[in-house]
**Q** 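Could you have a look at this structure, given as C-alpha cells, before my questions?
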Amino acid sequence: MPGPAVEAAARSGGDHHGGCCGKAAGKWEKTYLDVLGICCTAEVALVERLLTPIQGVRAVTVVVPSRTVIVDHDTAAVSQFHIVKVLNKAGLEASVRAYGSSAGAGGRWPSPFTVACGALLALSLLAPLLPPLRWLAVAAACVGSQPMLLRAFAAAGKLTLDINILMLIAVAGSVALGSFTEAGAIVFLFTVAEWLETLACSKASAGMLSLMSTVPKTVVLAETGQVVGMGDVAVGTVVAVRAGDVVPVDGVVVGGHSEVDESSLTGESFPVPKQPQSEVWAGTINLDGYISVRTTALAENSTVAKMERLVEEAQNSRSRTQRLIDSCAKHYTPAVVVLAAGVVLVPALLGARDLELEHWFRLSLVLLVSACPCALVLSTPVATFCALLRAARMGLLVKGGNVLESLGEVRVAAFDKTGTITRGEFSIKDFHVVGDKVEMNQLLYWVSSIESKSSHPMAAALVEYAQSKSVQPKPENVTETCIYHGEGIYGVMDGKQIYIGNERIIARSSCRHHQHAGHQETDGLKGVSIGHVICDGDLVGKFSLSDTCRTGAAEAILQLRSMGIKSVMLTGDSAAAAKHAQEQLGGVLEELHAGLLPEDKVRLVRGLQARHGATLMVGDGMNDAPALAAADVGVSMGLSGSAAAIETSHAALMSGDILRVPKAVRLGRRARRTIAVNVASSVGAKAAVLALAVAWRPVLWVAVLADVGTCLLVVLHRRPSRAARR
Ligand SMILES: Nc1ncnc2c1ncn2[C@@H]1O[C@H](COP(=O)(O)OP(=O)(O)OP(=O)(O)O)[C@@H](O)[C@H]1O
Ligand SMILES: [Mg+2]
Ligand SMILES: [Zn+2]
C-alpha cells in the first residue's frame with residue numbers, strides 16, 4: 001500500500017484543463033483536509049474566501065458536519081501544504097488527511113490552551129480564601145481564547161461575523177463588568193464544547209466513504225505478469241486479479257472462476273460467484289480463485305469513483321430546509337448584533353446609570369452570545385450527513401439532502417417489474433418456428449446475434465438459450481440495429497429485416513398476415529412473456545419466457561404498506577406476465593399497469609404524484625430513466641448498469657436487495673424527525689435563555705452553556721435507530 005498519498009484523480013490524456021485556462025496541463029488533485037476550526041456555516045464563508053482566490057485552486061467543498069474541506073487544485077500551481085498554511089494562519093487547525101486513515105486524527109485530546117484555561121479557572125475559584133487569585137480567571141480567559149483570537153482576526157479580515165468574534169466581545173464585556181470568573185467560564189465552556197464537537201465529527205468523517213482508498217494504485221497485466229501504474233491502463237486491457245486482491249478496475253471476467261465480496265459497494269457481505277462474462281467492479285475483493293478481467297472503465301470513471309464523488313456532492317448539496325435555515329441565519333446574526341448594541345445604547349442615551357445600565361449591558365452580552373445560530377445551522381447538515389452515510393453503507397447512494405427529505409415524505413411507491421420486482425433472469429419456456437420459411441438453427445442464429453446487441457434482461461436469456469442449442473451468435477454480422485423501448489429490437493442480418501419483441505413490434509414491422517390464432521399455443525403457460533420474430537414482414541418464430549420474483553419483494557411491499565405507503569407495478573411487459581408476478585407476490589400490489597411504453601410510465605408517475613403526493617419509483621436505470629427522473633425519488637436498482645443509472649436517478653441501490661427500499665424510506669423519515677427535533681431544541685434553548693434574561697436576570701455563562709450545549713446535542717444526536725441499523 002503506498003504511503004498516505006492524496007487521492008490522485010489524475011486525469012490522463014487530453015485533459016480539458018490543459019487547453020482552456022492556458023496553464024501547463026498540471027496534475028489536478030483533490031486534497032482532503034481535516035479543519036478542526038470549522039464550527040458551522042459561518043466558517044464555510046471564511047474557508048471559501050481564504051482558499052478560492054489562490055492561483056491553481058479550482059473548487060473548494062466544505063463538509064461542515066465532518067469538518068472536511070476538499071480542495072480541487074493544480075499541484076503545479078499550489079501545493080497542499082500551502083493550502084494548509086493559509087488555513088492555519090487563520091487559526092483553523094487544518095491538516096492533510098492521510099489516505100485511507102480514519103479522518104480527524106487531530107483533536108483526540110483537548111488543546112493545551114483549554115487545559116491551561118481550565119486549571120487557572122479552577123484555581124481562581126479559591127479567590128474567597130485569597131482574593132488576588134480572582135485575577136487567575138482573567139488569565140484563564142486570556143490563555144483559553146488564543147485560538148479564538150486567531151480565527152476572530154481572520155474572520156474580521158474577511159469581513160465575516162463569526163462565533164469567535166461574538167464570544168470575544170462577550171468575554172471582554174464580562175471582564176469590563178468585573179465578573180472575571182464568568183469571563184473564564186465562557187472561554188472554558190466554549191473551548192471544551194468545540195473539542196467535544198471535533199471528537200464527534202471526526203467519528204462522522206471517519207465514516208466518510210473513502211472507498212477509493214481500497215482501490216490499488218497498480219495492476220498486474222494478465223499476459224505479461226508485469227505490474228503497471230493505474231494511469232497506464234487503457235480500456236480493454238486484460239488484468240490479472242489473484243485471490244485476496246482488491247479488484248483494481250471495473251471490467252468483465254474473461255478467464256478463471258472466483259467468488260467476490262462486493263460489500264464495499266452493495267453493503268451485502270455474501271460472496272458473489274464470478275465466471276467468464278461476469279461483471280466485476282473496482283473496490284470489491286476477490287476472495288478466492290484467480291480471474292483475468294478485461295477493463296471496461298478507467299480508474300476515475302469506475303463505479304466506485306462515481307460513488308465517492310456522488311457521496312461528496314451529496315454532502316454538499318443543501319436540502320430545501322437547510323437553504324431556508326442558512327438564509328435566515330445570514331440575516332439573523334447581524335440583526336441580533338444590532339439589537340444587542342441597541343439594548344445598551346438606548347438606555348445609556350436615555351440617562352440610565354450604574355446598576356440599571358449594568359443590567360442592560362449584561363442583557364446585550366447575553367444577546368450577543370445567542371447571536372450565533374450554530375446549533376440551528378448545524379441541525380440539518382449533521383442529521384443529513386449521518387443519514388447519507390448510513391444509506392451509503394447499506395449500498396444506497398442518495399444524491400443529497402433533498403432526496404433524503406423526499407424519501408421521508410413518500411406516499412406511494414411505483415415498481416418496475418423486470419429487474420426490480422423480478423430478478424430479470426428470464427428462462428425460456430418455449431421457442432419454436434412458425435411456418436416453414438426458416439428452420440430452427442437459422443432462427444436461433446439470427447435472434448441470438450441481434451439480441452447480443454441489447455442490454456435487456458430477455459436478450460441475455462435468448463443468447464444463452466441459443467448457445468445451449470450450440471448456436472453461436474455473431475453480433476459482428478448484424479449490419480444494423482435499432483432498439484424500440486417497450487417493444488423490442490430490430491436488426492438486419494444476411495440482408496433480412498428482422499424484428500424481435502412483443503405485440504407492438506408486430507405492428508411496427510407491418511407484419512403481413514399476423515393471425516391472432518398464434519396466441520393460444522403459448523399462452524397456455526401461465527404468465528409468460530410472449531416474444532415474436534418477424535423476418536421481412538413474415539412471422540417466423542415465437543418464444544415465451546418467464547422470470548421469477550426477487551425474494552423479499554412481497555415482504556418489502558408489505559413493509560411499505562405498514563408504513564402507509566401503497567405500491568403499484570408499472571411494466572412494459574404483457575398483462576399476463578404482470579398478473580403472474582402479482583400472484584407470485586400474493587396479491588400485495590394495489591394496482592397493475594402493463595404493456596407500457598416508457599412515456600406511459602412517466603404519465604402514470606405524474607398521475608400518482610397528483611393523486612397521492614410524493615412518489616417513489618424503483619426501476620432499472622436504463623429504459624426507466626424518464627420515469628425515474630419524473631418521480632420525487634427515482635431509485636435505480638442493481639450494480640450492473642449502475643454507472644448510467646447513477647447519473648439519471650436520484651438514488652442508486654447498488655445491491656439487488658429490494659428490502660432496502662422500505663429501509664431507505666424509514667431512514668428518510670428518521671432524518672426528518674431528527675432535523676425537526678434539532679431545530680426545535682436549538683431555537684427553544686435560545687428563546688428560554690433570552691426569556692430568562694429578560695424576565696429574571698441575564699446570566700452570561702448560562703447563555704453560553706445553552707448555545708454550545710445545543711450545538712453539542714445536535715452533533716451527538718445521531719444515534720442510528722435500531723430500525724435503520726437492522
Ligand atoms: N431486447 C428485447 N428482446 C425481446 N423483447 C424485448 C426486448 N426489449 C423489449 N422487449 C419486449 O418489450 C417489452 C417491454 O420492454 P421494456 O424494457 O419496456 O419493459 P420490461 O423491461 O420488459 O418490463 P419492465 O417495464 O417491468 O422493466 C418486454 O416485456 C419485451 O416483451
Ligand atoms: Mg425494464
Ligand atoms: Zn458557529
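Numbering of ligands and ligand atoms starts at 1, following listing order. None of the values given here were measured: they were computed from a predicted structure.
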**Q** Could you tell me which non-hydrogen atom of Val253 sits nearest to which non-hydrogen atom of Gln275, and how far apart they are?
**A** CB-O, 3.4 Å
**Q** Please state which protein non-hydrogen atom is closest to atom 16 (P) of ligand 1 and give its distance, to 0.1 Å?
**A** Asn623 ND2, 3.5 Å
**Q** Are any of the N or O atoms of Thr418 closer than 3.5 Å to those of ligand 1?
**A** yes
**Q** Considering heavy atoms of the protein only, find what lies nearest to atom 31 (O) of ligand 1 and give residue, atom and distance to 0.1 Å.
**A** Asn502 CB, 3.5 Å
**Q** List the closest protein heavy-atom neighbour of atom 27 (O) of ligand 1: residue, atom name, distance to the nearest 0.1 Å.
**A** Asp416 OD1, 2.6 Å
**Q** Any atoms of ligand 1 less than 4.0 Å from a non-hydrogen atom of Gly488? List them with their elements.
**A** 6 (C), 7 (C), 8 (N), 9 (C), 10 (N)
**Q** Backbone, side chain, both or neither: what part of Glu487 comes under 4.0 angstrom of ligand 1, heavy atoms only?
**A** backbone
**Q** Distance under 4.0 Å to a non-hydrogen atom of Ser454: what atoms of ligand 1 satisfy this?
**A** 1 (N)
**Q** Does the plane of the ring in Tyr490 sit parallel, tilted or perpendicular to the ring in Tyr499? Use 30° and 60° as the thresholds.
**A** tilted
**Q** What protein heavy atom lies closest to atom 14 (C) of ligand 1? Include the residue and the distance to one decimal.
**A** Gly572 O, 3.3 Å
**Q** Should Asp547 and Arg423 count as an ion pair when the cut-off is N to O under 4.0 Å?
**A** no
**Q** Taking Arg606 first and then Glu599, would you say they form a salt bridge - that is, a charged N and a carboxylate O separated by under 4.0 Å?
**A** no
**Q** Below 4.0 angstrom from a heavy atom of Glu451, which ligand 1 atoms are there? Numbered from 1 as shown, please.
**A** 1 (N), 2 (C), 3 (N), 4 (C)
**Q** Nearest heavy atom to atom 29 (O) of ligand 1: which of Leu545, Val533, Asp573, Asp624 does it belong to?
**A** Asp573
**Q** Taking only Lys NZ, Arg NE, NH1 and NH2, and the carboxylate oxygens of Asp or Glu, determine whether Asp416 and Lys601 approach each other closer than 4.0 Å.
**A** yes
**Q** Please state which protein non-hydrogen atom is closest to atom 21 (O) of ligand 1 and give its distance, to 0.1 Å?
**A** His456 NE2, 3.0 Å
**Q** State, to 0.1 Å, how close Val463 and Ser448 come at their nearest heavy-atom pair, and which atoms those are.
**A** CG2-O, 3.6 Å
**Q** So, does Gly419 sit close enough to ligand 1 that a heavy atom of it is under 4.0 Å from the ligand?
**A** no
**Q** Quick one: do Arg669 and Glu405 make a salt bridge, cutoff under 4.0 Å?
**A** no
**Q** Determine whether any heavy atom of Lys601 lies closer than 4.0 Å to an atom of ligand 1.
**A** yes
**Q** Under a 4.0 angstrom heavy-atom cut-off, which atoms of ligand 1 come close to Met458?
**A** 5 (N), 28 (C), 29 (O), 30 (C), 31 (O)
**Q** Looking only at distances, can you tell me whether any N or O atom of Tyr484, backbone or side chain, sits closer than 3.5 Å to an N or O atom of ligand 1?
**A** no
**Q** Decide, yes or no, whether a salt bridge links Glu279 with Lys274 under the criterion of side-chain N to carboxylate O below 4.0 Å.
**A** no
**Q** Could you tell me which atoms of ligand 1, counted from 1 in the order shown, lie closer than 4.0 angstrom to a heavy atom of Gly501?
**A** 5 (N)
**Q** Can you tell me how far the CG atom of Leu667 sits from the CG atom of Leu396, to the nearest 0.5 Å?
**A** 8.0 Å
